[in-house]
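Counting convention: from 1, in listed order, for ligands and their atoms alike. These values consider heavy atoms only, across backbone and side chains, with no hydrogens, waters or symmetry-generated copies.
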Amino acid sequence: MKNIVPADYQPALPSDRFLVREKPNSDAVPLDVLFVGAGPAGLAGAIELAHLCQKEAQTNPNFQKPEIGILEKAQRLGDHCLSGAVVNPGPLKELFPDLDVKDFPFRRPVEKEAVYFLTEKSHWRLPTPPTMHNKGNYVASLCEIVRWLGQKAEAAGVNILTGFPAESLLIEDDQVLGVRTTPAGLDRDGKPSSRFMPPTDISARFTVLTEGTRGSLSQAYLKWQNLESPSPQIFALGVKEIWQVKKPLDRVIHTMGWPLPTDAFGGSFFYPMTNDQVSLGLVVGLDYKAHALDVHSLLQKLKNHPLIREHLEGGQIQEWGAKTIPEGGYDSFPKRLYGKGLLLAGDTAGFVNVPALKGIHYAMESGRLAARTIFNALKNKSESLEEYQKLIDESFITSDLRRVRNMRHAFKSGFYWGGFKAALMTATCGAFPGGGDKSHSDAQEPRRLDDTPETTAAGPFSTSKVDGVFRAGNATRDDIPKHLVVGQDISPEVAEFYEHVCPAGVYERKGDKLVVNAPNCVDCKATDVLGPRWTPREGGSGPKYQQM
Ligand SMILES: Cc1cc2nc3c(=O)[nH]c(=O)nc-3n(C[C@H](O)[C@H](O)[C@H](O)COP(=O)(O)OP(=O)(O)OC[C@H]3O[C@@H](n4cnc5c(N)ncnc54)[C@H](O)[C@@H]3O)c2cc1C
């Protein structure tokens, strides 16, 4: 049987673009602390730091309050954020001890939940695994949480700079000195147009990378400093839709089984946002074996299942989006989470609990711990950020993820055998029987070429990839330079593989050629994991998610 190995066609990470050995220029915006990425990690970190500094300044006249900033590539906060989402409110309560949980931007508490195993026409309820219990958690839109956090950050004096992607870390020797943003207003050939805006340098004593999943600067930094884990980070792709529905959903649902093949790891989530709105998504590990597996198309199939269909009937799709999730867990943590002038927090550090499908509260907690570390360094006039490692090691982030450390990898041996192993691991807190193969990345996983290509199921609920990108609110100019770096000698089979990997129709096999529709890209980073590399593009490009 013929296979392809995606790594053979993947170009090298363009590290020289992400790491620039220059000092910030003389026009640089001077900040003390910079968070790169305004998701839950960056915003929680910036707010915590601002609160700690305000408090200190009240009692310590010698304490100089730092200038704190947060850079975000989206035009508006939350536009590039996408999650399920069922949220553990713990870190939000810590961040705002004076607020009640009813003041938080949640849609509703989780009152009922169920896990089902699906076949094409039927479903069986399974006992909810302990890792998936959601008592005390809330259904929410991450975009809404992020916009609310943005208001709190602004009120606390944080400088929020939206529409500015960080393109490079500025470094001298081992020290990170700040970032350089991506220029705007370039034409298709990369030449300045009448709307040209040059890059901006931002200097910072401390930079916190909170770029989210598959962060480009983080990848380059970890590689440069030799901090990548020996168990490479692995990823899943989640494709999600929000529907207005006539028939209310009364519980949080997770499913396993159909429409996934048994050699792929993943499942669906189906959450009630309000009585007439649901969030439906399918998450599939990017180590699947068939070259023609297509997560977007599988989600379209899933909508025809009787369990889902009865809710969608008479309803209407409102939004569509996609994003990857780091799934390697505890074993894929970077060897060190800090460097000179730099910290890593949230998804970019891999803080996701896969069996629980939770990352938001880990992202927020790591942002808070980064803030505490920086606050202590500022107070003690120290440059050392070593404390962060200890705080993370002693936090619930590490203990939770250690407990489930082998579960995701167990599923490398297939759904049924993996499920059996996962049950044993639950009983032994992750100790027995150990994980599956942790030695290679998703791109190194061979793909079978024998499968019939997956096509988007036609039907009343079906959304095409082009329609999905439209419903993501895609705001990319048609004539910006290509931001995707494609490898050499892409065979027709590899072109077809990319076509199926990408949920947004960026890659198409036309005859024997690969066609790249770069403006369709919604920054999910799936092909950055398996093929062409993603690089930052003009600020404000990409999706404009409303309620994801
Ligand atoms: C389909 C799906 C379902 C999920 N369901 C749940 C759930 O139910 N519950 C849960 O707790 N977790 C869930 N998660 C995981 C959760 O969403 C993440 O763990 C969490 O959002 C991570 O927060 P973060 O701040 O690290 O990153 P993000 O939320 O990804 O935020 C990173 C921000 O950085 C910005 N950025 C990136 N690069 C740059 C750059 N170079 N310059 C400037 N800005 C940049 C991005 O635009 C983004 O706004 C889910 C994830 C997915 C994809």
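- The side-chain contact (heavy atoms from CB on, under 4.5 Å) test with Pro40 singles out one residue from Ile145, Thr210, Val146, and that residue is Val146.
- Contact analysis leaves Ala74 out of contact with ligand 1, as no non-hydrogen atom separation drops below 4.0 angstrom.
- Put simply, the side chain of Gln277 never gets that close to the backbone of Ile242: no donor and acceptor are under 3.5 Å apart.
- Residue-ligand proximity, Gly39 to ligand 1, at heavy-atom distances under 4.0 Å covers atoms 25 (O), 31 (O), 33 (C).
- Atom 44 (N) of ligand 1 has as its closest protein heavy atom Lys73 N, 3.2 Å.
- Nearest non-hydrogen protein atom to atom 26 (O) of ligand 1 is Asp347 N, 2.8 Å.
- Only the backbone of Phe164 comes within contact range of ligand 1, with a heavy atom under 4.0 Å; no side-chain atom does.
- Among protein heavy atoms, atom 34 (O) of ligand 1 sits closest to Gly37 CA, 3.1 Å.
- Among all protein heavy atoms, the one lying closest to atom 48 (C) of ligand 1 is Glu72 OE1, 3.5 Å.
- Here Trp148 and Phe96 bring their ring centres to under 6.0 angstrom of each other.
- In summary, the atoms of ligand 1 found under 4.0 Å from a heavy atom of Lys323, numbered by their order in the structure, are 30 (O), 53 (C).
- Side-chain contact check for Asp201 versus Val29: every heavy-atom pair is 4.5 Å or farther apart.
- A side chain to side chain donor-acceptor pair (under 3.5 Å) with Gln546 is found for exactly one of Arg76, Gln318, Glu319, namely Arg76.
- Judged by distance alone, the side chain of His296 and the main-chain N or O of Thr463 form a donor-acceptor pair under 3.5 Å.
- For the ligand labelled ligand 1, residue Gly215 lies outside the 4.0 Å heavy-atom shell.
- Residue-to-ligand polar distances keep Thr324 apart from ligand 1: every N/O pair is separated by 3.5 Å or more.
- Of all the heavy atoms of Ala41, the ones lying under 4.0 Å from any atom of ligand 1 are found in both the backbone and the side chain.
- At least one donor-acceptor pair closer than 3.5 Å links the side chain of Glu72 to the backbone N or O of Ala74.
- Each of His254, Arg107, Glu113 was checked for a side chain to side chain donor-acceptor pair (under 3.5 Å) with Tyr271, and the lone residue meeting it is His254.
- Checked by atom type and distance alone, the side chain of Gln547 never pairs as donor or acceptor with a backbone atom of Glu144 at under 3.5 Å.
- Because its NZ or CZ atom is not both nearer than 6.0 Å to the ring centre of Phe106 and within 45° of the ring axis, Arg108 does not count as a cation-pi partner of that residue.
- Taking every heavy atom of Cys81 and a limit of under 4.0 angstrom, the matching atoms of ligand 1 come to 49 (O).
- Defined by atom type and a distance below 3.5 Å, a donor-acceptor pair is present between the side-chain atoms of Thr348 and Ser218.
- Using a 4.0 Å heavy-atom cutoff, Lys240 is absent from the residues neighbouring ligand 1.
- Between Leu357 and ligand 1, an N or O atom pair is found at a separation short of 3.5 Å.
- Side chains of Ser229 and Ser332: no donor on one and acceptor on the other come within 3.5 Å.
- The N/O atoms of Ala166, backbone and side chain alike, include one that comes under 3.5 Å of an N/O atom in ligand 1.
- For atom 9 (N) of ligand 1, the choice among Val86, Ile360, Ile70 with the nearest heavy atom turns out to be Val86.
- Residue-to-ligand polar distances place Gly359 within reach of ligand 1: an N/O pair is separated by less than 3.5 Å.
- Interface of Leu142 with ligand 1, defined as ligand atoms under 4.0 Å from a residue heavy atom, comprises 21 (O), 29 (O).
- Closest protein heavy atom to atom 27 (O) of ligand 1: Gly212 CA, 3.2 Å.
- Here the rule is salt bridge (charged side-chain N to carboxylate O under 4.0 Å, His left out) with Arg408, and of Asp442, Asp287, Asp331 only Asp287 fits it.
- Using bins of under 30°, 30° to 60° and over 60° for the plane-to-plane angle, the ring pair Tyr362/Phe396 lands in the tilted bin.
- Residue Lys358 has no nitrogen or oxygen atom sitting less than 3.5 Å from a nitrogen or oxygen atom of ligand 1, judged on distance alone.
- Set against the non-hydrogen atoms of Leu71, the atoms of ligand 1 under 4.0 Å away are 43 (C), 44 (N).
- Backbone and side-chain nitrogen or oxygen atoms of Ser83 are examined, and one is located within less than 3.5 angstrom of a nitrogen or oxygen of ligand 1.
- Protein heavy atom nearest atom 37 (C) of ligand 1, with residue, atom name and distance: Glu211 O, 3.0 Å.
- With ligand atoms numbered from 1 in the order given, ligand 1 contributes 26 (O) to contacts under 4.0 Å with heavy atoms of Gly346.
- Taking the ring centroids of Phe351 and Phe333, they lie under the 6.0 Å cut-off.
- Heavy-atom proximity to Ile325, at under 4.0 Å, picks out these atoms of ligand 1: 2 (C), 51 (C), 52 (C), 53 (C).
- Of all atoms in ligand 1, numbered sequentially from 1 with element shown, those under 4.0 Å from a heavy atom of His80 are 47 (O).
- Close N/O approach between Ala363 and ligand 1 is not found [any backbone or side-chain N/O within under 3.5 Å].
- His500 and Tyr288 share no donor-acceptor pair across their side chains, judged by distance under 3.5 Å alone.
- Side-chain atoms of Lys240 and Ser83 form no donor-acceptor pair, as typed in the model, at a separation below 3.5 Å.
- Close to ligand 1: Leu82, with a non-hydrogen atom less than 4.0 angstrom away.
- For atom 29 (O) of ligand 1, the closest heavy atom belonging to the protein is Pro40 CD, 3.4 Å.
- Atom 4 (C) of ligand 1 has as its closest protein heavy atom Gly84 N, 3.2 Å.
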